[in-house]
Amino acid sequence: MRREFVDAVLAVAALIPAGRVLSYGDIAELLGSGGARQVGRVMSLHGGAVAWWRVIRADGTLPNELMDRAVRRYQRELTPLMIREAGSAPKVKMQSARWFPDDDDFDRIEEIRLKTSLPADGMEP
DNA sequence: ATTCTGACTTGCT
DNA sequence: AAGCAAGCCAGAA
């Protein structure tokens, strides 16, 4: 994938406030480029560079091993969780934890798009 | 060109 | 809840 895409994904991930999350698909949508799987790829390869636990699946989970490590973070930064059976990993409560960028944030995201020269705002061919 | 693979998503059983 | 199929987007073989 293009390096610009990687940079853009990581830049957006860096905007997510503590205690909130975005799904892979959310980021792809905000960037208007690539898809959830591409964002997942970026996180797989470069996630270590950012707060990777704030970029998760649309259903509020992460792959098992990662979820285990992420939960500590969630507890520390008070991310809304849905507790299930004792012993089984919790899920992030997307309804309350999902981050909705405000106007300033959208400006920053637009900024990122320009710097990384990704396709402009939502116009389809 | 074709096929397989993956930190994905949505909809249907 | 849990599986599963299809759809999805790119990279690699």
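Letters A, B, ... mirror the listed sequences (proteins, then strands); counts begin at 1.
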Fill in: dA6(C) to dA7(B) separation - P atoms, rounded to the nearest Å
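dA6(C) and dA7(B) have their P atoms separated by 22 Å.
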
What is the distance, to the nearest angstrom, from the [atom1] atom on [X] to the [atom2] atom on [N]?
X: I56(A); N: dT9(B); atom1: CD1; atom2: C1'; result: 14 Å
X: I16(A); N: dA7(B); atom1: CD1; atom2: P; result: 19 Å
X: N64(A); N: dG6(B); atom1: CG; atom2: P; result: 15 Å
X: D68(A); N: dA7(B); atom1: CG; atom2: P; result: 16 Å
X: L10(A); N: dA7(B); atom1: CG; atom2: P; result: 16 Å
X: D59(A); N: dC8(B); atom1: CG; atom2: C1'; result: 10 Å
X: L31(A); N: dC8(B); atom1: CG; atom2: P; result: 17 Å
X: L45(A); N: dA7(B); atom1: CG; atom2: P; result: 9 Å

Item to complete: At the 4.0 Å heavy-atom cut-off to chain A, mark where contacts on DNA chain C begin and end, going 5' to 3'.
Response: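 Going 5' to 3' along DNA chain C, contacts run dG7(C) to dG11(C).
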
Worksheet item: Under the 3.5 angstrom rule, does the side chain of D7(A) hit a backbone N or O of E4(A) as a donor-acceptor pair?
Response: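 No: the side chain of D7(A) does not pair with the backbone of E4(A).
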
Worksheet item: Is the backbone N or O of L30(A) less than 3.5 Å from a side-chain atom of R113(A), with the two atoms forming a donor-acceptor pair by type?
Response: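 Yes; at least one donor-acceptor contact below 3.5 Å.
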
Worksheet item: Do the non-hydrogen side-chain atoms of V42(A) and L10(A) ever get within less than 4.5 Å of each other?
Response: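 A side-chain contact exists here, since the closest heavy-atom pair is under 4.5 Å.
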
Worksheet item: Side chains of D105(A) and D102(A): closer than 4.5 Å at any heavy-atom pair?
Response: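 In contact.
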
Worksheet item: Any ion pair linking R108(A) and E111(A) (charged N to carboxylate O, less than 4.0 Å)?
Response: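 Looking at E111(A) and R108(A), the cut-off is not met.
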
Worksheet item: Using 4.0 Å as the upper bound for N to carboxylate O, is an ion pair formed by E77(A) and R20(A)?
Response: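 The answer is no: the pair does not qualify as a salt bridge.
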
Item to complete: Kindly say if S23(A) contacts the phosphate of dT9(B), meaning a side-chain N or O under 4.0 Å from OP1 or OP2.
Response: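 Answer is yes, contact under 4.0 Å.
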
Worksheet item: For dA1(B), is chi within 90° of 0 (syn) or not (anti)?
Response: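 Judged by the O4'-C1' to base torsion, dA1(B) sits in anti, the angle falling more than 90° away from 0.
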
Discussion item. For a quick check of understanding: with a heavy-atom distance under 4.0 Å over all strands, which category does M1(A) fall into, base, sugar-phosphate or nothing?
Written reply: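 M1(A): backbone/sugar contact only, no base atoms under 4.0 Å.
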
Item to complete: Tell me which of R41(A) and R37(A) sits closer to the 5' end of DNA chain C, going by the nucleotide each one is nearest to.
Response: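 In this pair, the answer is R37(A).
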
Worksheet item: Listed by chain and number, what are the side chain to side chain donor-acceptor pair (under 3.5 Å) partners of T61(A), not counting sequence neighbours?
Response: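 T61(A) satisfies side chain to side chain donor-acceptor pair (under 3.5 Å) with R57(A), D59(A) only.
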
